[in-house]
Every structure is written in structure tokens, then in C-alpha cells.
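So the structure is just underneath, and the comments pick up after that.
Within every chain, numbering begins at 1; the chains are lettered A, B, ... in the order of the sequence lines, protein sequences first and strands thereafter.
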There are 2 protein chains.
Amino acid sequence: MAKKRRPTMKDVAAHAGVSLSTVSYVVNDSGPVASDRRSRVLDAIRILNYTPNESARSLKRRSASTIGLILPELANQYFALVAEGIERAASDADVLVVLCVPQATGKSDDFYAQLLRSQRLDGVVYLSATGTLPSLILELSRSGAVVLVDEQMPGFELPAVVSDNRRGAREIAQHVIEAGHRQIALIGGPAPLWSADQRLAGYREALAAAGQDPDEVPFFGGDYRQRAGYEQAAKALEVAPADRPTALICANDLMAFGALEYCRASGIAVPSELSIVGFDDIPTASLVTPRLTTVRQPAHDLGFAAARLLFSLIDDEGEATPPMPFPTALMVRDSVAPPR
Amino acid sequence: MAKKRRPTMKDVAAHAGVSLSTVSYVVNDSGPVASDRRSRVLDAIRILNYTPNESARSLKRRSASTIGLILPELANQYFALVAEGIERAASDADVLVVLCVPQATGKSDDFYAQLLRSQRLDGVVYLSATGTLPSLILELSRSGAVVLVDEQMPGFELPAVVSDNRRGAREIAQHVIEAGHRQIALIGGPAPLWSADQRLAGYREALAAAGQDPDEVPFFGGDYRQRAGYEQAAKALEVAPADRPTALICANDLMAFGALEYCRASGIAVPSELSIVGFDDIPTASLVTPRLTTVRQPAHDLGFAAARLLFSLIDDEGEATPPMPFPTALMVRDSVAPPR
DNA sequence: GACTTTTACAGAACCGTTTCGACCAGCTTC
DNA sequence: GAAGCTGGTCGAAACGGTTCTGTAAAAGTC
């Protein structure tokens, strides 16, 4: 059986009895065409069920109308929400979004740089992961347009969309302090990450403002994953009762969940024995018991803005001003209570 | 400033002093090339930092090495996990995955059919959503390769990867019955969906086997969303105390969460007053209180298998045998207790 | 009515690859 | 020593579009 070939512009032109260029003008509405011929072409397109070949178009136009979205994992709802925001902005601009989960697939950043250079992708939105190497991001940004989300590289002015991590962190720490806590432990995010750094700075500011020496507050390093929350909570709590913190500030919700899990496993009542707070306000945060007090990040909006920024970067050849940091919001729920 | 153009094969050929075709042979390892010339070409590629233009390649090869992933939402972890499975299979095959969330972006199925026809996408994996119209899926499958996940169209033999919904449903219903429940209410998924249908069938089988008339068991229709779980739970429970069910079987975890939420809001103790079970075993299921008894679906594996099936469909021109239904597993946790 | 200007179209070049066919040298094979 | 391979190379024709250039007819000037 003869393989059926998709119709091309040539077929349409022949069917309508016009030239190739005329068909192109009609399809793209990019040239003057007399209305009778236009409708002849339109008819031919409909009859043949013609759809322009996008590879050929991209080749000619030097643009793939496609961007990449690099993120550490999808199972973390925060990333999923950012992704949805990006998807929406992209679809408004008739741009496709390709999903890149380097950790799950074992692809290196260099692989994505190649994608950029090969013009398969016009740009990428980069959601920083644990252990992102600055050199890789730079490599990436040398190969094409890149926008960072909730990440920033001190020293290199890379375009980024961020929320006010520091302020959000300060506010929730204040909230914990105002509830009366004086023995607080911190579970931080992965050290090299800007967001982790900012949140830590915010916590310390609040602590210092309350007259505590931030350097004496127990700090445990995590990686934004649930398991780390569990493990670091264990470390934080397995101390002499007198030294035991009455509140645990976690740098994101997932780690707070891990801490919650640990508490459940070891019979620690939350919030009566221990208060716990998170960061991000992922949808699940209001589902766990007790409902988690946390800081809302406008994940969807961040994604949307990041995509918009990327588009203007692509269109204007590298010129574009990032938006102001997005405000965060303290979400007071049930996981904080005064210490006993 | 002159726009800097990316180097092309021509540049490489000139630099290495060979013909275009030789460069192509080296790049693709698709023809005999003497080793000295080969290394000259390789050097030129490195020096010029050349990367082949993928649009041109796709044009010539008539394949974009890209597939689409159509799903209702990313925030539902079940979908996110399937997506990760697909991503992994795709990256193994050096294929890109583009994210399509029709509900969030307002694109119609026809839009995706266009993508298929324009050869921007070689195929798509379709995760069925509430209210998927059969006609749209058919439209899609006429335009190119399509694989369904956990969905099936009776009458049309579309390739699909599914798990054994019916058996999983039967088992969890059995579990509930064995705990001693006789007054059970069902909250089902969206009627037109195969998975919803299968689960319902499984529940009814178990009920019938236990000597109950399935037609007399209260049934409430939902749409797999949390809100529906809340609302339908309300309906199910706001009845005369004597008629009140002692167990609620929900067709997925999200709706079970909604039911849980309702119970919390209205002071019904779970599981002592009411047992609740779900379906899917999304990661959050073991995080809520009480930890949800549910049926595990191998989401990641489903995604992986779906992508593999799609690839063989694409390569073998439509011929490929779907895998057997994937087994499910009953996850007994804390949300079921004997009735009082 | 001779002139520019505009409008609608066709023709052809080009985008950056892949790949087929031609060619040639250097071998075997009878 | 003519015929047949085979490994290495190149030129040129696609692939399916976009867009620049040219041109004939229609329309607008005076």
C-alpha cells in the first residue's frame, strides 16, 4: 500500500490553480490576494485537509516557537503549578512547552544547551534544583535565552522572576516568635540555592529583631525534599528535653511534611508539643493534619511571568526588564500554637 | 552589530575542506569516511561550536522526535507521576515531550490534531479528562499516533495502557466489606470515563459477591476532583442516621480527600464513625490524617509503558500490541475501621 | 492619452539538512 | 587484462515552506 503523504503547499497550489507564493500569502495573511482566489485557496486547503509543515516553517523562520521548561521534579506541586502558569502564557503566544526533568532522565545541562543551539528550543525557563551548578546555567545562557525562576546568580545579571522570599521568611518567623516561641530550630534548603539563602536570611532577620542571636539557633540543612524534612526533624528533636525546640521552621512545605511525618511516627503532637511551619503553600498544605501554616508563593503567576519575560527576551534580542519580586502571603492555619 | 549566525554544516565543510555530504556522514555516522578526514571534521565542529539545526533535520527526516502529552492538570499528582514516567521513556529514546494542558490553556483537541498533522508532534499520549469526547479522540487518532492511558473506547480498538481498575476496585470494596461494613456508599468518577466505569463495575462485583444488591447501594457521581468529593460526601451523609453509610468508597484519592475534608468540617470522626477509601495512591494519600487506605496504581510505569507503546506505534506504522493491564495493589492504612 | 503608481500575482532563491547517484582509485577474480 | 567489487568522496536534488524580485494589468494623475 502506498504510504499516504500529507498534502503540501504545492498540492494546494495545484488544486487551486495558483502559485506557491499565493498559497503562502493566504495561509499567513502576509500578502495581497484577490478575494476570489483567496477563497479558492481556502477551499483547496479544506478539501485536501492541508496543514502547514512546521519543520519547514521553523527552518525558514529560524524559530521553533517552542520553549523548554527545566525543573527538578513534577511530583512537587509547587513546580507543577509553576509549570501550569508557563503553559498558559505559552499557549497564549502559540508556543509549545517541552518538559525537561534532568534528574529523572539523566540528561545534563549541556544537553539542554545543545537543544538551544540546535534551535529546537527558542529559550528555556529554568527552575533551580538542588545542586545546580552556576557554570551550567551560564553555559545554558550562552547558548540562548534563559529565564530563572526563584533563583538568582549573584554577580551575573541573569533575567529572573522571583518572589520576595526574604520578606516571606521574615514574616513567618515573626509569626512563630509572636506565638511565644523562643526555642526555634531551622531546617533550611539546599545551600547553593538563592531561594534557600534568602529564606534563611529572612528567618535570621526576624530572630535578630526579637533579640535572639541567629548564630545560636540550631540549623539543619535540607534539600527541599520530604525525606530530608523527616531526617532533619529527627536530628533536631532527638536532643535532651530541655534543649528541644518548641517550633520548627522548614524552608518549604515538603520538608515540613517530612517533619510532620516524623512527629506522627514518634508520637510528638503537633502543634501542642511542637509547632511546624513551611514555605510555598502547595495545595496539599491545607490538607494535612494539622493544616500547615506557611507562606504562599504565587506559583502560577511566577510561571506566567517567567514565560512572558522569556518571550520578550527572545523577541527583543536579549533586552527585557524582569518584573519586581512577587509578594508572598502568610497563611495562618493550624500548625502553630503557643509553646507549653 | 551584525547578528551572529550559528554555524551551519556548510561552514564546517569549508573549515575542514571537505564536502557537505562528508560532514553529514560524520555527524550521523551514516557513511564511510576516512579517519583523517573524520577527525578534521570533528575538529572543525568543535572549533566552530557547531550543532546541527534540528528544524532542517526534522524536515528532511519527516519526524520531529517530539511527542505530546495531553493531560487535564498537573496539580493532580497522579498525572504528574505519569508524566515523569513518560519523560523518562522519551529521554531514553532522545525524544522531547511537549506539555499540553487543554483545560488550562483553552486549546481544543482539534488544535492538537493540527500539531500532529503539521508534524510538529510525532504522536501524543492522551490522559483522559473529565468529559473527554470520543469524537475528539477519534479526530486525534485520525491525524496521527495516539496512545490512551487508563482509558479505552469501547468499539474502537485504540491502543491504550491501562491498569486493572476493575480488580483493584473489587479488592478494596472487598476489604471494606470484610471490615464488617454493610452500609456502604459509592462516590464514582465521571460517567463517560472508562476508568470510572471499570471501578464502579469492580465495586459492584464485590458488593454482589457479598450478597448485596448493587442497585440498592447509594451512588453519587463525581468528577475525580476534590470539590466533588466534598459535595458528594455531604449528600451521602446528610440522611437519616439509620440510613447513614458507615463506609464511603471514593473512585479516586482526590475525592476521598474531599470527603475527609467534609468530615473534618462537620465533626465526623474517620475512621471510627465513617470509613473512607480512595483509589490511585498518590503520594499525599499517606500524608493525610488518617492515612488513606487506597489502591495503588503504578503511575510511573503506566507513563513509561505508554510512551514505549507510542514509539513502537510510530516506528512500525501503526502496528503494536499494548501491554497487559498493569496490576494494582491494595494499600491498607488507617482510614478503614469496623463499623460501630 | 502618456505618465507614474499601485495591486495582484508568478518565479526563483533560499533555509540547513539528508541521501541518491556518479565517479574514481585500488582491489580481487577468472 | 577486462570485469566486477568496494571504500571514499563529491555534487545535486530533494524536504516544504517564506520572501524578495519582477512584471503585467488596473488604477490614479495631469
Result block: side-chain N/O donor-acceptor pairs under 3.5 angstrom for residues 20-27 of chain B, not counting sequence neighbours:
unit_1	atom_1	unit_2	atom_2	d
B:S21	OG	B:S19	OG	3.1
B:T22	OG1	B:S19	OG	3.2
B:S24	OG	B:N28	ND2	3.4

Taking for each residue the nucleotide of DNA chain D with the nearest heavy atom, is it B:D36 or A:R57 whose nucleotide lies nearer the 5' end?
-> B:D36
More 5' along DNA chain D: B:G31 or B:A56, using each one's nearest nucleotide?
-> B:G31
Considering only heavy atoms of chain B and a distance under 4.0 Å, specify the first and last nucleotide of DNA chain D in 5' to 3' order that meet this criterion.
-> D:dG8 to D:dG16
Answer whether the closest heavy-atom distance between the side chains of B:Y126 and B:V149 falls below 4.5 Å.
-> no
Taking only distance into account, with no hydrogens and no angle test, what donor-acceptor pairs under 3.5 Å do side-chain atoms of residues 99-108 of chain B form with protein atoms, sequence neighbours excluded?
unit_1	atom_1	unit_2	atom_2	d
B:T105	OG1	B:V101	O	3.1
B:T105	OG1	B:P102	O	3.4
B:K107	NZ	A:S91	O	3.2
B:K107	NZ	A:D94	OD1	3.1
B:S108	OG	B:D110	N	3.3
B:S108	OG	B:F111	N	3.2

For [X], which residues count as a salt bridge (charged side-chain N to carboxylate O under 4.0 Å, His left out) partner, sequence neighbours excluded?
X	value
B:D122	none
B:R40	none
B:R37	none
B:E87	none

For residues 19-29 of chain A, the salt bridge (charged side-chain N to carboxylate O under 4.0 Å, His left out) pairs (sequence neighbours left out) are A:D29-A:R38
Contacts table for residues 42-52 of chain A: side-chain donor-acceptor under 3.5 angstrom, sequence neighbours left out:
unit_1	atom_1	unit_2	atom_2	d
A:D43	OD1	A:R46	NH2	2.6
A:T51	OG1	B:R117	NE	3.0

What residues form a side-chain hydrogen bond (donor to acceptor under 3.5 Å, both in side chains) with B:T66, not counting sequence neighbours?
->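 So B:T66 forms a side-chain hydrogen bond (donor to acceptor under 3.5 Å, both in side chains) with A:R120.
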Looking at DNA chain D, which of residues 7-18 of chain A put a heavy atom within less than 4.0 Å of it?
-> A:T8, A:M9
Classify the nucleic acid contact of B:V33 as base, sugar-phosphate or nothing, counting any heavy atom under 4.0 Å across all strands shown.
->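 B:V33: backbone/sugar contact only, no base atoms under 4.0 Å.
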Mind checking A:P52 for me? I need base, sugar-phosphate or nothing, with any heavy atom below 4.0 Å counting as a touch.
-> sugar-phosphate
Distances under 3.5 Å between protein N/O atoms and the N/O atoms of nucleotides 19-22 of chain C, please, pair by pair.
unit_1	atom_1	unit_2	atom_2	d
C:dC20	N4	B:Y25	OH	2.8

